[in-house]
Asker: 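Input: one structure, supplied below.
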Amino acid sequence: MSSTALSELIEAARLDPDHVFSAPWEARAFAIALQLSKSGHVTWDEFRDRLIAEVSASDRIRARDGTSDHGEYYDHFLHALERIVEEKKIAQ
């Protein structure tokens, strides 16, 4: 994905004019997931299901341990992305 395409993707996803992503790796993970979906390697629903599973597992751990989830969304996003790439043998 070109830097222009990534910039356009970030602009399209912008919810808060000052903060779309808190770190560059978050934008890259989002762009990779989107490109995998656009290219037909995974459906967005498949990715979403992995993300929901990651968040749910984390919720159970936090409930058990009494810990906070502040700022973890893209950690879950990345874990879901890694899991689906591994499961589908997209990269080895």
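We count residues from 1, following the sequence as given.
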Asker: In Å and rounded to the nearest 0.5 Å, what is the CH2 to OH distance from Trp25 to Tyr74?
Answerer: 9.0 Å
Asker: To the nearest 0.5 angstrom, please state how far the OG atom of Ser56 sits from the NE2 atom of His76.
Answerer: 9.5 Å
Asker: Measure from the side-chain N and O atoms of Ser39 to the backbone N and O of Gln35, and report whether any donor-acceptor pair falls under 3.5 Å.
Answerer: yes
Asker: Could you check if a side-chain atom of Ile84 sits within less than 4.5 angstrom of a side-chain atom of Asp49, using non-hydrogen atoms only?
Answerer: no
Asker: Following the transitive rule for hydrophobic clusters with a side-chain heavy-atom cut-off under 4.5 Å over Ile, Leu, Val, Met, Phe, Trp and Tyr, establish whether Ile52 and Val85 coincide in one cluster.
Answerer: no
Asker: Applying salt bridge (Lys or Arg N to Asp or Glu O under 4.0 Å), can you list everything that pairs with Glu87, at least two apart in sequence or on another chain?
Answerer: Arg50
Asker: Would a 4.5 Å heavy-atom cut-off, applied to side chains only, mark Phe77 and Leu51 as touching?
Answerer: yes
Asker: Would you indicate whether the side-chain heavy atoms of Val42 and Ile90 approach each other to under 4.5 Å?
Answerer: yes
Asker: Taking Glu86 for its side chain and Arg83 for its backbone only, find out whether a donor-acceptor pair lies under 3.5 Å.
Answerer: no
Asker: Quick one, His41 and Lys88 - any side-chain contact, counting heavy atoms below 4.5 Å?
Answerer: no
Asker: Could you check Leu81 against Phe47 for side-chain contact (heavy atoms from CB on, under 4.5 Å), going step by step and ending with a plain yes or no?
Answerer: CA-CA 7 Å; Leu81 180 59; Phe47 177 73; 3.9 Å; yes
Asker: Could you tell me which residues satisfy salt bridge (Lys or Arg N to Asp or Glu O under 4.0 Å) with Glu82, sequence neighbours excluded, listed by chain and number?
Answerer: none
